Enquirer: 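Pasting a structure below so you can have a look.
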Amino acid sequence: MIIAVDGPTASGKGTIAKALAAHFGLPHLDTGLLYRAVGRQVAAQGGNPDSPIDALAACNFADALLADEILRSEEVGGFASRVSIHPDVRHALYQRQRAFALQKGGAVLDGRDIGTVIAPEADVKLFITASVQERARRRWLEMTGRGIDVALAAIERDIAARDARDMGRADAPLIAANDALVIDTTHFGRDAAIEAAIEAVALHTGTA
Ligand code: DC
């Protein structure tokens with residue numbers, strides 16, 4: 001079974017994808033990490049994330065980078081969003097994601113274009129969303145909890161800018177697939193969101 005989980009930043013899609021993978025016993029790929037690795041590598045090489053040439057040159061990052069905590073930072077998230085608009089970068093990362101999706105037994109992948117581009121034949125597609133204000137609040141709580149001093153308004157601005165870039169790009173923009181099940185987590189806590197997603201997948205695929 002292939003489960004595609006797409007949605008904007010801080011919507012809860014990563015948490016949901018991980019929980020679905022554990023519940024249904026499937027391997028999970030956070031595809032955002034691949035774009036984050038390219039974003040990090042381009043910056044480390046002194047390149048410009050907005051340059052398609054620099055960004056493509058950073059696609060040969062070492063796999064060890066995927067485990068580096070630095071990929072989780074807001075700064076690297078911004079670089080990732082910028083490199084992800086280049087078609088050559090998306091093309092370079094395609095095969096790896098496609099192979100993961102097609103592995104025997106199935107998989108859960110989360111990202112922006114899993115249901116539309118990477119695995120359009122997925123057995124079930126979820127599109128996880130939440131209001132910008134709520135996503136900013138979650139990100140702010142998480143960051144201040146880690147001791148990072150940041151203003152809520154600044155996070156809200158960043159998230160809105162990231163949404164605009166991810167949804168507005170020409171190649172594989174963030175959009176719900178026609179046949180995606182949309183789950184709005186604005187008024188859900190973590191557990192309720194996970195429960196809703198498990199129920200949606202179980203109902204849609206007839207699996208327990
Ligand atoms: O999910 P994330 O915040 O880790 O993703 C970081 C950026 O990577 C996101 O702003 C856009 C890009 N991305 C993408 O274009 N396609 C994906 N499948 C996953 C991420």
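We count ligands from 1, going down the list as the structure has it; atoms in each ligand are counted the same way. A quick note: this is a predicted structure, and the numbers were derived from the prediction, not measured. Because only heavy atoms are used, hydrogens play no part in the values below, and waters and symmetry mates are left out as well, while side chains stay in. Here, residue 1 is the first one in the sequence, and each next residue gets the next number.
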Enquirer: Among all residues two or more places apart in sequence or in another chain, which pass the side chain to side chain contact (heavy atoms under 4.5 Å, CB included) test with H91?
Expert: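 Here no residue qualifies.
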
Enquirer: Per the side-chain hydrogen bond (donor to acceptor under 3.5 Å, both in side chains) rule, what does the pair list look like for residues 191-206, sequence neighbours excluded?
Expert: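 Pairs touching residues 191-206 that pass the test: T205-T207.
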
Enquirer: Can you work out which protein residues put a heavy atom within less than 4.0 Å of ligand 1?
Expert: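 Ligand 1 pocket, heavy atoms under 4.0 Å: T9, K13, T31, G32, Y35, R36, A80, S81, S84, R90, G111, R112, D113, R162, D166, R169.
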
Enquirer: Is E142 salt-bridged to R138, going by a charged N under 4.0 Å from an acidic O?
Expert: no

Enquirer: Scan for side-chain hydrogen bond (donor to acceptor under 3.5 Å, both in side chains) pairs involving residues 35-44, sequence neighbours excluded, and state none if there are none.
Expert: Y35-R90

Enquirer: Less than 4.0 Å between a side-chain N and a carboxylate O, is that true for D166 and R112?
Expert: yes

Enquirer: Salt bridge or not between D179 and K125? Use side-chain N to carboxylate O under 4.0 Å.
Expert: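 A salt bridge links D179 with K125.
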
